[in-house]
Amino acid sequence: MSETGAVKFTAERAASIIAPFIALTELNNYRSKLRQQGLLGVDVNGISFGNISVRDGLSPQFFITASGSSGKDELRLNDFARVTAWDFARNWLRFEGASMASSESLTHAALYQADDNMGAVIHGHSLKIWTALLDQAPSAPAEIEYGTPAMALAVHDLLETTNLRETKAFAMAGHRAGVVAFGKNLSEAYAALLGAMPPEASS
């Protein structure tokens, strides 16, 4: 299934700016690590891939890298969106910020909504991690496209019916090289993603 980088949901911008948030520096630090390892960036066709988010306090709302921002060396406040509401059935979300929220925002929303203890989500691209996760962990079905309500519902089902809460990482079978990891914070999500890397690939 081809990756286009296109936003597939209907979005409503509630405000054109967001206030500075405490996790901005930490997000940029982990984003740099992901870029260095090729898990986030721009492909040979010039299409951005990968995104990263953190929960906004105790609410299910979250800050996420903006659509098309993966090619930038470092992100400023305007390169993030704050997602404040969503409706999977309507394929809709509301956000704040100067830039459009990432195309994977509904997948992130599904994770935050499902577990109050989840504090960070990473979506990266790695064929080696993707292949390893397909072999050993629960995966989103191949017929489901990235960035859709169906993907969000599939993630919810995986959390409820498999051991995904323990593994904290899964592959999107229909989104070649697409992998997702999560945790109580960015450190745990990052560790879950790298922990799925086959030993021969990480050596």
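- Nearest heavy atoms, A140 versus L158: N-CD1, 3.8 Å.
- Distance check: I129 CD1 to F170 CZ gives 13.5 Å after rounding to the nearest 0.5 Å.
- Aromatic ring pairs are classed by plane angle as parallel below 30°, tilted from 30° to 60° and perpendicular above 60°; the pair Y30 and Y190 is perpendicular.
- Residues V155 and V180 are not in side-chain contact: their nearest non-hydrogen atoms beyond the backbone lie 4.5 Å or more apart.
- The main-chain N or O of K128 is never found under 3.5 Å from a side-chain atom of T131 such that the two would form a donor-acceptor pair.
- Within 6.0 Å of atom CZ in R76, 12 or fewer heavy atoms from other residues, nucleotides or ligands are found, so the atom counts as exposed in its surroundings.
- Between the side chain of R176 and the backbone N or O of L127, no donor-acceptor pair lies under 3.5 Å.
- At a threshold of 4.5 Å between non-hydrogen side-chain atoms, the residues E26 and V54 do not count as touching.
- Of the possible donor and acceptor atoms, none in the side chain of H125 sits under 3.5 Å from a partner among the backbone N and O of V179.
- There is no path of hydrophobic side-chain contacts, each under 4.5 Å, that joins I52 to V42.
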Task: side-chain contact (heavy atoms from CB on, under 4.5 Å) between T107 and V121, intermediate numbers included - done: CA-CA 9 Å; T107 302; V121 178; over 6 Å; no

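- Note that the CD1 atom of I64 and the CG atom of L27 stand 10.0 Å from one another [nearest 0.5 Å].
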Open item on the list: Run L40 and T65 through side-chain contact (heavy atoms from CB on, under 4.5 Å) and show every step you take.
Closed with: CA-CA 11 Å; L40 181 152; T65 48; 5.7 Å; no

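- No donor-acceptor distance shorter than 3.5 angstrom exists from the side chain of R82 to the backbone of Q61, with no hydrogens or angles considered.
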- [ ] Could you walk me through whether H108 and N51 pass side-chain hydrogen bond (donor to acceptor under 3.5 Å, both in side chains), step by step?
- [x] CA-CA 10 Å; H108 290 244; N51 42 73; 2.6 Å; yes

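- A donor-acceptor pair under 3.5 Å is formed between the side chain of R35 and the backbone N or O of S70.
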- [ ] Take W86 and R94 through the side-chain contact (heavy atoms from CB on, under 4.5 Å) test and state the conclusion after the steps.
- [x] CA-CA 6 Å; W86 52 86; R94 180 184 297 124; over 6 Å; no

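- Heavy-atom minimum distance, G183 versus E188: CA-OE2, 3.3 Å.
- Nearest heavy atom pair, residue L106 against residue F9, reads CD1-CB, 4.1 Å.
- Under the 4.5 Å side-chain heavy-atom criterion for ILVMFWY residues, a single connected hydrophobic cluster contains both M100 and Y146.
- Closest approach of L134 and S139 over heavy atoms only: CD2-OG, 3.5 Å.
- Panel note: side chain S99, backbone N78; a donor-acceptor pair is recorded below 3.5 Å.
- Between D73 and R31, the shortest heavy-atom contact is O-NH1, 3.4 Å.
- Partner of F63 under the ring pair (Phe, Tyr, Trp, His ring centres under 6.0 Å) criterion, chosen from F80, F21, Y112: F21.
- Between L111 and L159, the closest side-chain pair of non-hydrogen atoms falls below 4.5 Å.
- Put simply, OG on S53 and CE on M118 are 10.0 Å apart, with the number rounded to the nearest 0.5 Å.
- Here the side chain of D87 pairs a donor or acceptor atom with the backbone of R90 at under 3.5 angstrom.
- Atoms CD and NE2, on E104 and H175 in that order, are 5.5 Å from each other to the nearest 0.5 Å.
- One N or O on the side chain of D43 and one on the backbone of N45 form a donor-acceptor pair closer than 3.5 Å.
- Of the inter-residue distances, the one linking L77 atom CG with I17 atom CD1 reads 8.5 Å to the nearest 0.5 angstrom.
- Few gaps surround NZ on K33; more than 12 heavy atoms of other groups in view lie less than 6.0 Å from it.
- Between the CG atom in L58 and the CG atom in D116 there is a gap of 9.0 Å [rounded to 0.5 Å].
- Under the 4.5 Å side-chain heavy-atom criterion for grouping Ile, Leu, Val, Met, Phe, Trp and Tyr, W92 is not connected to L153 through any hydrophobic cluster.
- The side-chain heavy atoms of H156 and F88, taken from C-beta on, include no pair separated by under 4.5 Å.
- Here the closest non-hydrogen pair linking P141 and A173 is C-CB, 4.0 Å.
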